[in-house]
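Computed from heavy atoms alone, side chains included, the values below leave out hydrogens, waters and symmetry copies.
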Amino acid sequence: MGSLYFDNPFLKGRYFMDINIPNNILKGSLSGPKKNSEIKKGKISRITNKGENLIQVSLFTEKQAFHKNYKDEEINNVIIDLLENNFNNLELFTKDFVYGYRISSKGKVLSNKRKNETNFAELNHNKEKKYLLEEGMVVPALVDLGVMTSEGKVVKAKYDKFKQINRFLEIINDSIKNEKKLKIIDFGCGKSYLTFVLYYYLHFVKNIDCEIIGLDLKEDVIKHCNEISKKYGYDDKLIFYGGSIEDFKERKDIDMIVTLHACDTATDYALHYAIEMKCRYIFSVPCCQKEINMQLDSKNEHLFNKFGILKERYSALLTDALRANILQYYGYKTQVLEFVDFDASPKNLLIRAILTNNTFNEKVKEEIDEIIKRLGITQTLYKLQFEK
Ligand SMILES: C[S@@+](CC[C@H](N)C(=O)[O-])C[C@H]1O[C@@H](n2cnc3c(N)ncnc32)[C@H](O)[C@@H]1O
């Protein structure tokens with residue numbers, strides 16, 4: 001229950017009226033902006049942050065989006081304030097009912113309540129999977145990028161990507177501890193679904209002061225990503241550059257690098273950058289590991305090489321094993337995780353490396369050298385680190 005004060009143009013003055021705001025709101029929307037309101041649209045979503053159950057209010061002006069999280073006991077006042085100052089229409093969903101409120105042009109507050117016909121089995125479906133970004137939680141940039149609708153529903157064709165990003169985010173979330181500020185590069189960001197989600201999650205949900213750079217060869221994609229970043233007012237903190245990872249030298253103060261399916265040796269250049277800059281966190285999902293595959297022949301590892309598919313998989317695994325071990329050599333606590341099911345993407349291994357000490361692990365280096373020598377192969381990260 002809350003008291004709503006509003007202008008009544010017919011009775012000429014400010015009046016108040018009690019309105020019932022339900023408990024346990026799951027989601028909602030605010031529309032019908034008042035004449036002088038800069039805020040044009042609003043969304044309400046239930047979210048989980050550090051295990052805390054919160055309600056996120058997202059407000060959209062013509063150009064910018066603002067997000068703030070509230071506890072259940074705070075939300076009534078926030079909603080009342082928005083109805084008094086910014087919006088004439090409100091719709092709220094609980095598990096069982098949908099509540100509608102409208103301030104009419106005659107200054108009356110009209111309300112209704114109907115049974116919620118939404119298939120909540122469907123809505124809970126994602127909760128069971130414990131995604132950090134639940135369906136219904138609108139990430140504005142993902143709407144522009146065609147991954148979700150403006151209601152926060154994930155577009156069917158993008159569901160696998162949404163799943164990958166969610167898992168990537170979960171792994172990052174589990175790995176970072178009490179960070180107040182983070183500078184991050186997403187190397188080979190492509191259409192930048194991950195980059196935007198990472199920014200949104202760290203900045204708005206985790207309240208971390210983060211700066212993110214997305215880098216990719218594709219100038220047109222970079223231009224589009226910068227436009228979206230600007231549209232939502234993120235552009236002082238989320239910037240996209242066109243160019244190759246090999247040539248990227250601009251920043252030296254980076255805490256974290258991420259790569260998601262950066263092709264072939266692009267992953268090596270990203271890992272090389274991270275090692276040289278002593279980045280504390282590395283999250284890297286490699287793909288298209290062709291380099292070693294092209295070097296294997298009947299003289300080395302013939303057992304695998306005579307079967308094309310085994311040669312391909314063996315080379316990919318060997319490439320990632322060398323990368324993971326090189327990171328260990330440089331003092332990174334390194335793990336290789338299966339981050340999504342093979343069905344969702346066969347390129348489903350994620351290298352997680354966290355810098356824990358500055359000593360070199362010579363034993364690991366000996367093992368790396370031994371296999372490189374025995375197979376008579378070379379590998380880009382190995383070359384970059386050890387054959388300078
Ligand atoms: C398969 S896409 C993945 C894009 C994005 N990370 C994602 O998961 O949706 C690989 C991206 O890496 C970029 N890329 C490949 N080699 C690169 C390099 N050497 N420097 C910068 N970007 C590179 C490509 O342009 C492409 O956009």
Side-chain angles (χ1 to χ4, degrees), residues 160-161 163-165 167-168 171 175 187-188 190 194 217 244-246 257-276 281-354 360-388:
D160 276 347
K161 200 75 202 172
K163 214 155 109 178
Q164 284 177 29
I165 294 169
R167 279 294 295 139
F168 207 113
I171 292 171
S175 312
F187 281 124
L194 173 67
L217 291 172
S244 75
I245 305 168
E246 297 86 306
I257 69 122
V258 300
T259 73
L260 177 55
H261 298 150
C263 326
D264 198 13
T265 55
T267 296
D268 294 303
Y269 288 102
L271 297 179
H272 172 61
Y273 175 92
I275 294 170
E276 294 304 295
Y281 297 106
I282 298 172
F283 302 92
S284 175
V285 176
C287 80
C288 316
Q289 301 93 329
K290 296 198 193 95
E291 190 183 24
I292 292 183
N293 193 5
M294 304 209 303
Q295 297 172 64
L296 294 183
D297 57 30
S298 58
K299 294 193 281 309
N300 51 18
E301 301 294 59
H302 190 233
L303 209 68
F304 291 99
N305 301 343
K306 59 185 160 189
F307 303 107
I309 186 76
L310 293 184
K311 182 180 179 223
E312 191 182 310
R313 290 203 190 160
Y314 173 70
S315 314
L317 289 175
L318 181 55
T319 308
D320 291 340
L322 287 169
R323 289 166 172 164
N325 277 281
I326 292 172
L327 290 167
Q328 278 193 334
Y329 167 73
Y330 282 101
Y332 283 89
K333 184 173 175 221
T334 307
Q335 287 164 302
V336 182
L337 311 166
E338 206 169 42
F339 90 113
V340 285
D341 299 339
F342 195 82
D343 286 355
S345 169
K347 302 154 185 177
N348 68 340
L349 296 183
L350 180 144
I351 300 173
R352 168 168 67 182
I354 300 173
F360 299 129
N361 188 333
E362 296 301 341
K363 171 100 185 45
V364 170
K365 175 72 174 18
E366 279 169 28
E367 288 178 292
I368 299 168
D369 287 342
E370 189 277 323
I371 197 158
I372 291 273
K373 204 167 160 198
R374 179 163 54 82
L375 299 181
I377 54 167
T378 189
Q379 196 275 332
T380 297
L381 184 59
Y382 182 87
K383 269 194 291 190
L384 291 168
Q385 297 306 137
F386 304 124
E387 294 177 1
K388 292 182 249 188

Residues F339, L349; criterion side-chain contact (heavy atoms from CB on, under 4.5 Å); working and verdict: CA-CA 6 Å; F339 90 113; L349 296 183; over 6 Å; no
Worked verdict on D320 versus Q289 for side-chain hydrogen bond (donor to acceptor under 3.5 Å, both in side chains): CA-CA 8 Å; D320 291 340; Q289 301 93 329; 2.9 Å; yes
Trace of the side-chain contact (heavy atoms from CB on, under 4.5 Å) decision for I326 with I275: CA-CA 9 Å; I326 292 172; I275 294 170; 4.2 Å; yes
side-chain contact (heavy atoms from CB on, under 4.5 Å) between I377 and L318, intermediate numbers included: CA-CA 11 Å; I377 54 167; L318 181 55; 4.0 Å; yes
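Atoms CD1 and CG, on I282 and L327 in that order, are 4.5 Å from each other to the nearest 0.5 Å. Taken to the nearest 0.5 Å, the NZ atom of K383 stands 10.0 Å off from the CD1 atom of I372. The CG atom of L194 sits 9.5 Å away from atom CD of Q164, with the distance rounded to the nearest 0.5 Å. Here the CD1-CD distance, from I171 to Q335, works out to 9.5 Å after rounding to the nearest 0.5 Å. Going from atom CG of N305 over to atom OG of S298 covers 8.0 Å, rounded to the nearest 0.5 Å. Here the straight-line distance linking atom CZ of F187 with atom OG of S244 works out to 10.0 Å at 0.5 Å rounding.
Checked by atom type and distance alone, the side chain of H261 never pairs as donor or acceptor with a backbone atom of P286 at under 3.5 Å. One N or O on the side chain of Q295 and one on the backbone of T378 form a donor-acceptor pair closer than 3.5 Å. Side chain of R167 to backbone of V340: no donor-acceptor contact under 3.5 angstrom is found. In this structure, K311 contributes its side chain and N293 its backbone to a donor-acceptor pair below 3.5 Å. In terms of modelled atom types and a separation under 3.5 Å, the side chain of N361 and the main chain of Y329 share no donor-acceptor contact.
Looking at heavy atoms from C-beta onward, I351 lies out of side-chain contact with L337 at the 4.5 angstrom threshold. With a 4.5 Å cut-off on side-chain heavy atoms, L322 and I292 count as touching. Counting heavy atoms from C-beta outward, D160 and S345 have side chains that stay 4.5 Å or more apart. Using a 4.5 Å cut-off on side-chain heavy atoms (C-beta onward), E370 and L375 make no contact. S284 has its side chain out of reach of V258: every pair of non-hydrogen atoms, C-beta onward, lies at least 4.5 Å apart.
No side-chain donor from either of N325 and E367 sits under 3.5 Å from a side-chain acceptor of the other. Between T334 and R352, the side chains place no donor N or O within less than 3.5 Å of an acceptor N or O (distance only, hydrogens not considered). Side chains of E387 and Y382: no donor on one and acceptor on the other come within 3.5 Å. Residues E291 and T380 have side chains that bring a donor and an acceptor to within less than 3.5 angstrom of each other.
Residues passing the side-chain hydrogen bond (donor to acceptor under 3.5 Å, both in side chains) test with E338 are N348, sequence neighbours excluded. In this structure K299 satisfies the side-chain hydrogen bond (donor to acceptor under 3.5 Å, both in side chains) test together with D297, sequence neighbours excluded. A search for side-chain hydrogen bond (donor to acceptor under 3.5 Å, both in side chains) contacts involving H272 returns Q385, not counting sequence neighbours.
Nearest approach of A270 to T259, heavy atoms of both residues: CB-CG2, 3.5 Å. Minimum heavy-atom separation, D264 to R323: O-NH2, 3.2 Å.
Taking the six-membered ring wherever Trp is involved, the centroid distance between the rings of Y332 and Y281 does not fall below 6.0 Å.
Figure legend: K365 and F386 shown as a cation-pi pair, the cationic atom lying under 6.0 angstrom from the six-membered ring centre and within 45 degrees of its axis.
In this pair, F304 and Y314 present their aromatic rings parallel. The plane angle is below 30°, not in the 30 to 60° band.
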